[in-house]
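Encoded as structure tokens, the structure appears first; notes follow it.
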2 protein chains.
Amino acid sequence: MTTTNSLTYDDLGSAAQRDRRRRILDATIALASKGGFDAVQMRAVAEQADVALGTLYRYFPSKIHLLVSALARQFDDTGAVVGRRPVPGDTPSERVIYVLRRATRGMQGDANLTEALTRAFMFADASVATEIHVVGMQLTTMLTRSIKGDAYVEGEQPSDEDVAISRVISDVWLSALVSWVTGRATAEEVAEHIETAVTLVLR
Amino acid sequence: MTTTNSLTYDDLGSAAQRDRRRRILDATIALASKGGFDAVQMRAVAEQADVALGTLYRYFPSKIHLLVSALARQFDDTGAVVGRRPVPGDTPSERVIYVLRRATRGMQGDANLTEALTRAFMFADASVATEIHVVGMQLTTMLTRSIKGDAYVEGEQPSDEDVAISRVISDVWLSALVSWVTGRATAEEVAEHIETAVTLVLR
DNA sequence: GGCATAATAGAAACACGTTACAGTTACGAA
DNA sequence: TTCGTAACTGTAACGTGTTTCTATTATGCC
């Protein structure tokens, strides 16, 4: 290799490096899914991914980077599934609520993983801004697409208002998620709160 | 003393114990104000408060409890000051934006302290639900009062819709604050985002 | 193939939250 | 006052995120 490689993004590095990165993220997801944030221990990740601790830190400069990158990959993997089909529902509210209910249920189905990823997301500082921005864009895309429904056209920029609405919904969703993963709200309360907010913003 | 004492709440314990608790919280605020979350190190707090490390843990079972308790005391101290005067502004949006701008500016005036307290708040789990609920109620009261403006009547319950709106605004505010303390957004972006959200929700 | 350089392994060490514990002090009860 | 118990001190130790360092291995270039 002729240039120093940050290894931070998907498509860089040799095949062996891409495979190491994949193994590391696999191990991260597996450990998070089994025991949550605390179970994602750097030594354990390194061992399970079959890389040295120093190598792990070469790929991901902190536990937070690691978890947020894992979150981004999860979004990539499942976002593609959600992406194609039209969102059911006759109004923006119905469509957004449908999508969020699906997403929330998915996350609640793996509480430990959600706890790990959410905590990392909330603790991330400026050095993780790039990864966070990726997740934010994915969320915004998902929501603006749901708002437009059939009127959505591939590649078209969403309106400023739709983006603003999406950001508000994202904020509410994130707050609700934090309440839930920290045990301060039940799944039902989260669902109810989100639906109230969506109908409020999209009336 | 005849009974074991949790020391978790303000009015328990001897004078010497109340004084220790005060010194601990003073040291916490001072360290947080100087260097943020990372600077609030338990050994440093203990030393500055002139108590042993074990004693610090006897009073506050974790760093998070310590910081959230410090936040609660800050709210107690400053909350009374804000409470009485009517909120200026002719529309709900104007009043809410005024109040939030004031509060945000206050927090941004002590960035390190805000960072420390916000991080603790986001990391708090169910064991601090009581203190967190208190803060949430104070926020809701502040916002519903701002929405109603002159129409506000002491002791009257706010409408369900006003409460829902307040919760959405709280969520947006908290998310914005997290973005700011983690260095992912500037103060201007925070102000702009909040105002966009408020006008959206209160149209 | 042989060399220069980057990447990796492996292990030790450090930082800070947290726990454990032995000795000492404060304080109410008898 | 003396005693018994709980609180406090001081310190060591542990767990986990992070850093550092040396030896080894892989990789691109001639």
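Sequence lines set the chain letters: A, B, ... in the order given, protein chains first and strands last, and positions in each chain run from 1. Worth saying up front: this structure is predicted, and the values here are computed from it rather than measured.
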Problem - Short N-O contact, B/Asp19 and B/Arg22, less than 4.0 angstrom - result: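 Counted as a salt bridge, because a side-chain N and a carboxylate O are separated by less than 4.0 Å.
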
Exercise for the section: May I ask you to say whether B/Asp171 pairs ionically with B/Arg167, meaning some side-chain N is under 4.0 Å from a carboxylate O? Expected result: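 So B/Asp171 does not pair with B/Arg167 through a salt bridge.
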
Roughly how many Å is it from [atom1] in [X] to [atom2] in [N], rounded to a whole number?
X	N	atom1	atom2	answer
A/Asp19	C/dT8	CG	C1'	15 Å
B/Arg58	C/dG17	CZ	P	21 Å
B/Leu56	D/dA7	CG	C1'	14 Å
B/Arg18	D/dA7	CZ	P	16 Å
A/Tyr59	C/dT8	OH	C1'	9 Å
B/His65	C/dT18	NE2	C1'	14 Å

Handout entry: Donor-acceptor under 3.5 Å (B/Gln17 side chain, B/Ser14 main chain)
Key =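 Side chain of B/Gln17 to backbone of B/Ser14: a pair is present.
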
Handout entry: Closest to the A/Gln17 side chain, choosing from C/dA7, D/dA7, D/dT9
Key =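 Minimum distance to the A/Gln17 side chain belongs to C/dA7.
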
Exercise for the section: Among D/dT9, D/dC8, C/dA9, find the nucleotide with the atom closest to the side chain of B/Val51. Expected result: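 Per side-chain heavy atoms of B/Val51, the pick is D/dT9.
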
Problem - All side-chain hydrogen bond (donor to acceptor under 3.5 Å, both in side chains) counterparts of A/Gln108, not counting sequence neighbours - result: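 With sequence neighbours excluded, A/Gln108 shows a side-chain hydrogen bond (donor to acceptor under 3.5 Å, both in side chains) to no residue whatsoever.
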
Exercise for the section: Only one of B/Gln48, B/Arg21, B/Arg73 passes side-chain hydrogen bond (donor to acceptor under 3.5 Å, both in side chains) with B/Asp26; say which it is. Expected result: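 Answer after filtering B/Gln48, B/Arg21, B/Arg73: B/Arg73.
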
Problem - Angle of first-five versus last-five pair axes in the helix from C/dG1-D/dC30 to C/dA30-D/dT1, to 10 degrees - result: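 Inter-axis angle at the termini of the helix from C/dG1-D/dC30 to C/dA30-D/dT1: 10°.
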
Listed pairs, N/O of protein and of nucleotides 17-21 of chain D, under 3.5 Å:
residue	atom	partner	partner atom	Å
D/dG17	OP1	A/Val40	O	3.4
D/dG17	OP1	A/Lys63	NZ	3.0
D/dG17	OP2	A/Met42	N	3.0
D/dG17	N7	A/Arg43	NH1	2.9
D/dG17	O6	A/Arg43	NH2	2.8
D/dT18	OP2	A/Tyr57	OH	3.1
D/dT18	OP2	A/Lys63	N	2.8
D/dT18	O5'	A/Tyr57	OH	3.4
D/dT18	O4	A/Arg43	NH2	3.0

Residues 196-203 of chain B, side-chain donor-acceptor partners within the protein, below 3.5 Å, at least two apart:
residue	atom	partner	partner atom	Å
B/Thr196	OG1	B/Glu192	O	2.9
B/Thr199	OG1	B/Glu195	O	3.0
B/Thr199	OG1	B/Thr196	O	2.9
B/Arg203	NE	B/Leu200	O	3.2
B/Arg203	NH1	A/Glu161	OE2	3.2
B/Arg203	NH2	A/Val201	O	2.8

Handout entry: With sequence neighbours excluded, residues passing side chain to side chain contact (heavy atoms under 4.5 Å, CB included) with A/Ala44
Key =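 A/Ala44: side chain to side chain contact (heavy atoms under 4.5 Å, CB included) contacts with A/Leu31, A/Gln41.
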
Can you list, pair by pair, the side-chain donor-acceptor contacts under 3.5 Å of residues 110-120 of chain B, counting residues two or more places apart and other chains?
residue	atom	partner	partner atom	Å
B/Asp110	OD1	B/Ser33	OG	3.3
B/Asp110	OD1	B/Leu113	N	3.4
B/Asp110	OD2	B/Ser33	OG	2.8
B/Asn112	ND2	B/Ser33	O	3.4
B/Asn112	ND2	B/Lys34	O	3.2
B/Thr114	OG1	B/Met107	O	2.6
B/Thr114	OG1	B/Asp110	O	3.0
B/Glu115	OE1	B/Phe37	N	2.7
B/Glu115	OE2	B/Arg119	NH1	2.6
B/Thr118	OG1	B/Thr114	O	2.7
B/Arg119	NH2	A/Phe123	O	2.9

Practice task
May I ask you to check whether over 12 heavy atoms, not counting those of A/Glu47, lie within 6.0 Å of atom CD?
Solution key: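 Atom CD in A/Glu47 is not crowded, with 12 or fewer foreign heavy atoms closer than 6.0 Å.
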
